[in-house]
Amino acid sequence: MKTWVVLCLALLCLELHSGDCQQLKRRKDAGENRIRPGGKRVKLRAPKLKDAGVKGQSLLTQVLDKGRFLRLGQSTTLTPGRNVELRCKGDNIGWSYPTYLDTFNDSRLSIKQSDKYSQLILSSPSAADTGPYSCWVITCDGTECERDHDRSYVSYIYFTDKDNLFVPSAIHFEIVYLRPDGPAVVPCRVTDPLAKVTLHREVPPEEIPANGTLVTYEPTKGFVLQSPSPEHQGVLYCKAVAKGTPQISTKYQLLYVEVPSGPPFVSVQASSESARGGDDLNVTCTVLGEPEVDVSFTWSYPGQDLRPVHVVTSWRLVNRGMGHTTRLSQSVMTLEDMETIDFGHYVCRTKNQHGETTVSINVISQ
């Protein structure tokens with residue numbers, strides 16, 4: 001009797017154990033394999049998740065021959081002379097490219113928008129077309145549209161030309177302004193990112209080493225002077241070497257700027273602050289400012305719209321102090337044969353990219 005009970009318990013445990021193993025096996029099979037109709041086992045793949053970094057990947061592509069496409073990276077090297085077609089996915093796309101193509105209204109460049117993508121075509125590109133090309137998606141809410149910065153893509157394209165290692169410039173002698181409050185760039189950009197480039201002073205003749213801290217070099221910009229000083233002034237040029245004879249860049253005149261950035265610093269002066277009827281009057285408005293910043297002048301005066309006046313506006317660069325360079329802009333108003341209505345306040349309004357400044361002077365009758 002005891003033997004029969006022990007035998008039954010042993011058989012029961014064995015069956016339970018066998019069931020657990022089969023259940024585990026079924027779970028494993030379900031997790032790793034699936035039976036297709038026809039009895040073929042197929043290994044399951046993990047579900048493909050959306051790439052969280054898609055917005056960082058470029059949707060800017062180059063169209064190659066035979067309908068092939070190349071997704072462009074941060075930089076691309078192409079051969080001059082061969083037409084370039086770029087595409088950017090989206091039904092409303094904006095583009096940017098080297099600014100001189102707009103400046104000269106270059107007919108070699110065309111942009112077309114279709115339902116699914118925008119197309120930029122540049123015919124017969126040359127070394128001068130080297131620069132950043134970018135596209136972005138434009139999103140609109142009603143009549144208001146803006147650039148989607150999360151879907152903006154850029155590639156710096158080098159059109160490598162062995163005869164033009166430097167990107168050609170329409171200016172053969174450029175001015176670079178040095179300021180104590182920010183870096184300055186000697187813009188000798190190259191068409192070959194592998195070219196070896198050095199910076200040189202004309203007088204006294206010497207090489208200015210790029211040490212990676214005070215002076216750095218970037219193929220897409222040129223030489224960057226991190227902390228400009230009056231000692232950097234002078235005529236500089238760049239030299240490039242790439243599999244052949246060295247080439248020399250445009251020359252650059254470096255000038256140190258005294259005046260900081262800001263609205264116009266203005267003064268006004270009259271040839272006389274008291275006058276008689278019949279006298280002639282000159283009123284001069286003077287602005288000292290940054291060398292490359294344009295200044296506009298607007299006048300208001302007592303006999304406005306009733307009396308004819310003559311206004312002459314001019315500017316020039318002047319040296320002030322120890323080698324500091326300043327732009328002197330002037331507007332001179334001339335009034336002949338003064339009358340009673342000409343006495344009063346003469347107001348000069350000046351404006352630059354940083355703001356506006358207004359000054360005035362009162363001319364009285366003697």
Side-chain angles (χ1 to χ4, degrees), residues 74-75 77 97-101 103 126-132 154 156-242 244-261 289-294 317-327 353:
Q74 292 183 345
S75 65
T77 301
Y97 36 82
T99 55
Y100 91 95
L101 288 171
T103 303
S126 66
D129 299 315
T130 296
V154 61
Y156 193 96
I157 299 180
Y158 297 92
F159 290 99
T160 300
D161 185 350
K162 64 179 182 179
D163 297 323
N164 290 284
L165 289 182
F166 291 104
V167 178
S169 172
I171 304 173
H172 298 292
F173 196 91
E174 295 189 37
I175 296 178
V176 176
Y177 297 107
L178 310 175
R179 294 182 176 81
D181 56 352
V185 178
V186 181
C188 48
R189 297 183 296 125
V190 291
T191 62
D192 185 347
L194 301 179
K196 181 181 179 182
V197 188
T198 51
L199 180 64
H200 299 261
R201 183 183 299 279
E202 192 170 59
V203 180
E206 61 179 351
E207 180 180 338
I208 300 175
N211 54 21
T213 53
L214 296 178
V215 181
T216 60
Y217 177 70
E218 298 180 31
T220 61
K221 293 182 179 180
F223 285 92
V224 182
L225 310 178
Q226 300 296 339
S227 301
S229 66
E231 288 73 23
H232 287 116
Q233 292 188 112
V235 177
L236 274 63
Y237 63 91
C238 300
K239 182 187 294 185
V241 180
T245 306
Q247 295 183 21
I248 303 299
S249 73
T250 294
K251 292 184 179 181
Y252 303 93
Q253 174 71 60
L254 275 60
L255 300 175
Y256 196 76
V257 177
E258 178 189 24
V259 180
S261 300
E290 300 172 88
E292 76 277 31
V293 176
D294 290 329
L317 296 180
V318 296
N319 290 325
R320 295 167 57 86
M322 296 296 293
H324 294 74
T325 302
T326 302
R327 176 171 174 148
Q353 64 188 31

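The chain is numbered in sequence order, starting from 1. Remember, it's a predicted structure, so these values are computed and weren't measured experimentally.
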For Pro228 and Leu178, work out which heavy atoms get closest and say how close.
CB-CB, 3.7 Å
Considering the options Tyr158, Tyr100, Tyr97, which one meets the side chain to side chain donor-acceptor pair (under 3.5 Å) requirement together with Asp129?
Tyr100
Flag, side chain of Thr130 to backbone of Thr191, donor-acceptor distance under 3.5 Å:
no
Below 4.5 Å, heavy atoms only, C-beta onward: do Ser126 and Asp161 meet side chain to side chain?
no
What's the shortest heavy-atom distance between Phe173 and Gln253, and which atoms?
CE2-CB, 3.3 Å
Gln247 side-chain N/O to Lys162 backbone N/O, donor-acceptor pair under 3.5 Å:
yes
CD of Glu206 to CG of Leu199: how many Å apart, nearest 0.5 Å?
9.5 Å
Does some side-chain heavy atom of Leu225 sit less than 4.5 Å from a side-chain heavy atom of Leu254?
yes
As a quick check of understanding, evaluate salt bridge (charged side-chain N to carboxylate O under 4.0 Å, His left out) for Glu231 and Arg201, giving each step before the final call.
CA-CA 11 Å; Glu231 288 73 23; Arg201 183 183 299 279; over 6 Å; no
So His232 and Tyr256, do their side chains get closer than 4.5 Å, heavy atoms only?
no
Interatomic spacing from CG in Leu165 to CG in Asp192 - rounded to 0.5 Å:
6.5 Å
Inspect the surroundings of CD in Gln74 and state if more than 12 heavy atoms from other residues, nucleotides or ligands are less than 6.0 Å away.
no
For residues Tyr156 and Pro219, determine if any side-chain heavy atom of one lies less than 4.5 Å from a side-chain heavy atom of the other.
no
Under the criterion side-chain contact (heavy atoms from CB on, under 4.5 Å), I'd like the reasoning laid out for Phe166 against Val190: C-alpha separation, chi angles, the key distance, then a yes or no.
CA-CA 4 Å; Phe166 291 104; Val190 291; 4.0 Å; yes
Measuring from Cys188:SG to Lys239:NZ, what's the distance to the nearest 0.5 Å?
13.0 Å
Using distance alone, with no hydrogens and no angle criterion, decide if Arg327 and Tyr177 have a side-chain donor and acceptor under 3.5 Å apart.
no
Got Cys238 and Val186 here, is their nearest side-chain heavy-atom distance under 4.5 Å?
yes
Is there side-chain contact between Pro187 and Val176, with at least one heavy-atom pair below 4.5 Å?
yes
Geometric class of the Tyr217/Phe223 ring pair [parallel <30°, tilted 30-60°, perpendicular >60°]:
tilted
Straight-line distance of Leu236 CG to Glu174 CD, nearest 0.5 Å:
13.0 Å
Return the minimal non-hydrogen interatomic distance between Gly131 and Pro98, and the atom names on each side.
CA-CG, 4.1 Å
Taking every heavy atom of Ala127 against every heavy atom of Val167, the minimum-distance pair comes out as O-CG1, 3.9 Å
Contact between Asn164 and Phe159 at the side-chain level, heavy atoms closer than 4.5 Å - yes or no?
no
Flag the pair Leu317 / Leu255 as yes when at least one side-chain heavy-atom distance between them is below 4.5 Å, and no otherwise.
yes
